[in-house]
Amino acid sequence: MTRPTLATVWLDGCSGCHMSFVDMDERLLDIVDKADLVYSPLVDYKEFPEHVDFCLVEGAVSSEEDLHKIRMIRERTGTLISFGDCAVTANVPGMRNPIGVQPLLDRAYVENVTVNPGVPLDVVPRLLPMARPVHRVVKVDVYLPGCPPSADLIYQSLVDLLEGRTPDTHGARFGR
Ligand code: SF4
């Protein structure tokens, strides 16, 4: 029987959700017993595969690069999981939305800088007008809230998915 494949990605997030993923500790061995981890910032794969069964997506969609990535990932993924509050609600990245892109960039790269002020348009992915939750851009199949989601919630949800069940996330809440 072919083993299911699992990927994890981050968009505009702080990596805290992935740290919680690592906090599964020895239970990570159970996960890799049940699935092949084929792409993740935690491992050294360079290309997102053509087909992935399950993908955890951390972070909001904030830049043109994020937008390109999430559309490509959606096309190639069976079950897409919005992983953590930034993916589910835009959360911290969304705090910039009322400010507007240009004032934000000016504040970060010009007003608060004493050496070589200037917005690095050539090397930093261009920001979208708003940071958006993943489901506002592509279809999401499963939501794992939390900032970050607990290792217990991640583990139980992944085991459920890999064993063909719908995860029970009713106890999970924004911000916990
Ligand atoms: S949900 Fe919290 S822990 Fe996860 S990326 Fe956002 S700020 Fe970081």
Side-chain angles (χ1 to χ4, degrees), residues 6-28 31-32 35 37-45 48 52 54-74 76-77 79-101 103-105 107-109 112 124-162 166-176:
L6 172 67
T8 81
V9 296
W10 74 51
L11 305 175
D12 191 357
C14 74
S15 83
C17 293
H18 273 76
M19 294 305 102
S20 200
F21 181 91
V22 173
D23 272 349
M24 285 193 285
D25 295 329
E26 70 276 9
R27 292 175 293 178
L28 283 164
I31 299 300
V32 294
L37 185 62
V38 292
Y39 184 89
S40 172
L42 304 171
V43 296
D44 194 26
Y45 295 113
F48 196 90
V52 169
F54 302 97
C55 182
L56 293 162
V57 179
E58 171 187 322
V61 182
S62 285
S63 67
E64 290 177 359
E65 183 185 41
D66 295 339
L67 186 60
H68 170 76
K69 262 196 209 164
I70 196 63
R71 285 176 172 159
M72 177 272 290
I73 288 164
R74 177 66 275 182
R76 298 181 181 188
T77 299
T79 300
L80 193 143
I81 302 137
S82 217
F83 179 34
D85 288 341
C86 292
V88 175
T89 71
N91 196 28
V92 176
M95 292 169 73
R96 71 151 165 108
N97 290 345
I99 299 170
V101 170
L104 180 82
L105 293 174
R107 186 75 173 159
Y109 291 107
N112 285 337
V124 175
R126 197 175 293 271
L127 289 179
L128 299 170
M130 307 261 280
R132 287 182 287 172
V134 174
H135 67 273
R136 297 293 296 273
V137 180
V138 296
K139 177 175 171 286
V140 166
D141 303 299
V142 176
Y143 295 85
L144 290 189
C147 182
S150 70
D152 290 345
L153 177 67
I154 300 167
Y155 175 73
Q156 196 51 55
S157 300
L158 283 177
V159 168
D160 285 343
L161 286 165
L162 294 171
T166 302
D168 177 7
T169 60
H170 286 101
R173 291 283 180 275
F174 177 85
R176 286 201 300 193

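Since the structure is predicted, the reported quantities are computational estimates derived from the model, not experimental observations. Position 1 is the first residue of the sequence, and the numbers go up from there. For ligands, and for the atoms within them, numbers begin at 1 and follow the listed sequence.
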[X] side chain vs [Y] backbone, donor-acceptor pair below 3.5 Å:
X	Y	answer
Ser15	His18	no
Asp12	Val61	no
Ser63	Asp66	yes

(request) Over all heavy atoms of both residues, which pair between Phe83 and Cys17 is shortest? Give the atoms and the distance, please. (result)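 Here Phe83 and Cys17 meet closest at CZ-O, 3.1 Å.
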(message) Do His135 and Ser82 pair up side chain to side chain, a donor and an acceptor below 3.5 Å, judged on atom types alone?
(response)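 Distance-only check fails for His135 and Ser82.
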(request) Quick one: name the protein N/O/S atoms under 2.8 Å from atom 8 (Fe) of ligand 1, chain by chain. (result) Cys14 SG
(message) Just checking Phe48: does its CZ atom have more than 12 heavy atoms from other residues, nucleotides or ligands closer to it than 6.0 angstrom?
(response) yes
(message) Only heavy atoms of Gly146, strictly under 4.0 Å: list the atoms of ligand 1 that pass.
(response) 1 (S)
